[in-house]
Each structure stands twice: as structure tokens, then as C-alpha cells.
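Just so we're clear, the structure is a prediction, and the values are computed from it rather than from any experiment. Counting convention: from 1, in listed order, for ligands and their atoms alike.
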Amino acid sequence: MRVDVVSIFPDYLSVLDLSLVGKARQRGLLDLRVHDLRGWTTDRHRTVDDTPFGGGAGMVMRPDVWGTALDEVLEPGARLILPTPSGEVFTQRHAESLASADQLVFACGRYEGIDARVAEHYRDAGVTVHELSIGDYVLNGGEVASLVMIEAVARLIPGMVGNPDSLVEESHGAAGLLEYPVYTKPPSWADLEIPEVLLSGHHAKIERWRRDRALERTAQLRPDMIAALDVASLDKHDLAL
Ligand SMILES: O=C(OCc1ccccc1)c1cn[nH]c1
């Protein structure tokens, strides 16, 4: 998979040289390219923004500079991702879908955002454009949101994570539930013990205990996820909880 990030703060993305994503690049699993948007400016001041039509505070990023940049970076079949507070909320489902793309291009907005004609132009040109939010808060730019989405996607690329099984039983994973609580050695710490069932070696009981905790935790913290559950996936024990 090829991932391109276009930003006026390309250094923000240098953390991607580390750890998981860094290793994937070395192993050729991920072709990550970071570009400075100002590289596509033509004026002496390397201007990327201007005042908003209709007035209002702040500045808007110019469509012409973004258009020149994206025309060069986008390959056929690429998915264009615009991180924005006013987008669809990014979920594990998006990560799974994006992980199968040949190329992802992240356009990092700053100021009050990117001229709306950029998304419109590329949609009209048949490019799949995703305006995605990582949560209901406002950041100064799309770089951090891009890092979040790149990590969520990159770890799903086959060969990325050592033990693929560790990807399955996850919060927001296939089961659609939050993760159960996990424990490890030492068995006794701060006068706190391990739930007995986990020491029993009784795998069916352990599995049941974990599912009960996941259901309880999801019902308590994320009732919206309970509502979205496929009832057919619940057994009579679940329903008795
Ligand atoms: O702030 C965000 O993106 C940066 C951005 C992009 C466009 C205009 C202002 C800010 C964001 C918040 N949740 N998800 C994304």
C-alpha cells in the first residue's frame, strides 16, 4: 500500500518513521511519502491560504495549490482522505475498508479548512473522497488526525502485526463489543487479586467470563454499541445479563 500525506507541516509526520509503521516501510509493506504543500506554490511568499469569501474570521486554504499538489500525488484508484471536524466519524470499519486500498492520500487542512471545491472537484473526477473526523473536537490541523488514521489502517495490513490473532479479539473488533479487562503477573499486586476464573484453566468458563465483562462494559460505557449489536449474535446467557 502507498500512503501519501500532504501538509504544510511535513515534519509533524516524522513519527511515522518509528515503530510499527517505520518497520513496515523497511519491509516494503508500506510505501509512505510525505509532501510539503508549499512545494506546489508559485509565488515568492509560497502562499497556501487566503481570506474566506462571505467574510468571517480566519483563513481558508486555496483550491489551486491543493489541486496542483493532488493532481501530481493521486494515482488512479486512490482514496482521498480529508481529515475535518465536520466529517463522518472514523471507525474501525473505515480502517478495515481503507486497508484494502492501493493508495491513500491524506490532505491535511489547516486554518479554517480547505476550499470546498477541492473535495467537489475530485468527487466529480471519480475519485473516492472521504471527509473523516476522528472525534468531536477541533484540532489546529489534519496532521494528528492523519497519524491516527494511518496507524489504525497500517496495523491491519497483512504482515504488519506479528501475531494476526491479536487483531481479532479487539475493542470495536468483529464482536462489536468493548474489550474485556486484561491481567498479567504478578498474581497479587497492591492487595488486588486476579479474578479466580482466569486461574482455573477452564477455557469455556474463561471465555464466558470475558464475554460477560465485555458485554457489561459495553452496556455501561457505550450503549450506542449495544443498540448496534446484531441480536442474533447473542445467546440466552448474554440476554440474561
Ligand atoms: O480538527 C480536525 O481536523 C483538522 C482540521 C481540518 C480542517 C479545518 C480545521 C481543522 C479534526 C477533528 N476531528 N477530526 C479531525
Side-chain angles (χ1 to χ4, degrees), residues 3-16 20-21 32-41 46-74 78-99 101 103-125 127-156 170-172 178 221-222 224-225 228:
V3 174
D4 291 84
V5 186
V6 185
S7 163
I8 58 171
F9 292 112
D11 294 349
Y12 228 107
L13 287 297
S14 54
V15 293
L16 290 175
L20 197 69
V21 179
L32 182 85
R33 309 178 193 192
V34 180
H35 312 270
D36 182 344
L37 178 65
R38 294 192 196 277
W40 285 279
T41 56
R46 311 186 81 203
T47 312
V48 294
D49 64 321
D50 207 327
T51 52
F53 278 121
M59 302 290 272
V60 174
M61 298 190 101
R62 296 170 52 141
D64 52 350
V65 180
W66 271 110
T68 314
L70 294 175
D71 284 351
E72 185 176 321
V73 171
L74 285 164
R79 315 268 280 267
L80 175 59
I81 297 158
L82 303 171
T84 169
S86 54
E88 189 183 343
V89 176
F90 177 76
T91 65
Q92 191 65 16
R93 305 294 81 81
H94 289 95
E96 289 159 358
S97 165
L98 294 176
Q103 180 194 23
L104 302 180
V105 177
F106 289 84
C108 299
R110 282 261 151 184
Y111 311 109
E112 299 315 303
I114 299 172
D115 186 300
R117 289 171 291 177
V118 172
E120 186 178 353
H121 168 71
Y122 287 101
R123 283 196 177 105
D124 291 349
V127 176
T128 306
V129 180
H130 299 278
E131 292 177 273
L132 295 176
S133 162
I134 60 165
D136 293 338
Y137 36 79
V138 183
L139 304 169
N140 286 329
E143 289 79 9
V144 169
S146 296
L147 287 173
V148 166
M149 291 187 268
I150 290 169
E151 177 157 327
V153 170
R155 62 190 296 279
L156 298 179
E170 282 208 320
S171 284
H172 306 282
L178 295 182
L221 299 176
R222 293 294 303 275
D224 58 300
M225 287 175 71

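If you check which protein heavy atom lies closest to atom 6 (C) of ligand 1, you get Pro83 O, 3.4 Å. Closest protein heavy atom to atom 14 (N) of ligand 1: Ile134 N, 2.9 Å. Protein heavy atom in closest approach to atom 1 (O) of ligand 1: Leu139 N, 2.8 Å. Here the heavy atom of the protein found nearest to atom 13 (N) of ligand 1 is Gly135 O, 3.1 Å. Summary of contacts: the protein heavy atom closest to atom 5 (C) of ligand 1 is Pro85 CD, 3.9 Å. Looking from atom 9 (C) of ligand 1 to the surrounding protein, the closest heavy atom is Tyr111 O, 3.7 Å.
Ligand 1 lies nowhere less than 4.0 angstrom from a heavy atom belonging to Phe90.
Between Glu120 and Arg117 there is no salt bridge, since no side-chain nitrogen of the basic residue lies less than 4.0 Å from a carboxylate oxygen of the acidic one.
Sorted by first and then second residue, the salt bridge (charged side-chain N to carboxylate O under 4.0 Å, His left out) pairs with a member in residues 54-66 read Arg62-Asp64; sequence neighbours excluded.
The 12-atom threshold is not exceeded at CD of Glu151, counting heavy atoms of other residues, nucleotides or ligands nearer than 6.0 Å. Under a cut-off of 6.0 angstrom, the local environment of CG in Asn140 is sparse, with at most 12 non-hydrogen atoms contributed by other residues, nucleotides or ligands. Taking a 6.0 Å sphere around CG of Asp136, one finds it holds 12 or fewer heavy atoms contributed by other residues, nucleotides or ligands.
Counting the atoms of ligand 1 from 1 in the order shown, those under 4.0 Å from a heavy atom of Gly142 are 4 (C). For ligand 1, the atoms closer than 4.0 angstrom to any heavy atom of Ser133 are 13 (N), 14 (N). Counting atoms of ligand 1 from 1 in the listed order, those under 4.0 Å from a heavy atom of Gly113 are 7 (C), 8 (C). Every atom of ligand 1 with a heavy atom of Tyr137 under 4.0 Å away is listed here by number and element: 12 (C), 13 (N).
Considering only heavy atoms from C-beta on, Asp71 comes within 4.5 Å of Tyr122 through its side chain.
Thr47 contributes no side-chain N or O that, together with a main-chain N or O of Asp49, makes up a donor-acceptor pair within less than 3.5 Å.
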Scan the side chains in residues 54-61 for donor-acceptor partners under 3.5 Å anywhere in the protein, sequence neighbours excluded, and list what turns up.
none

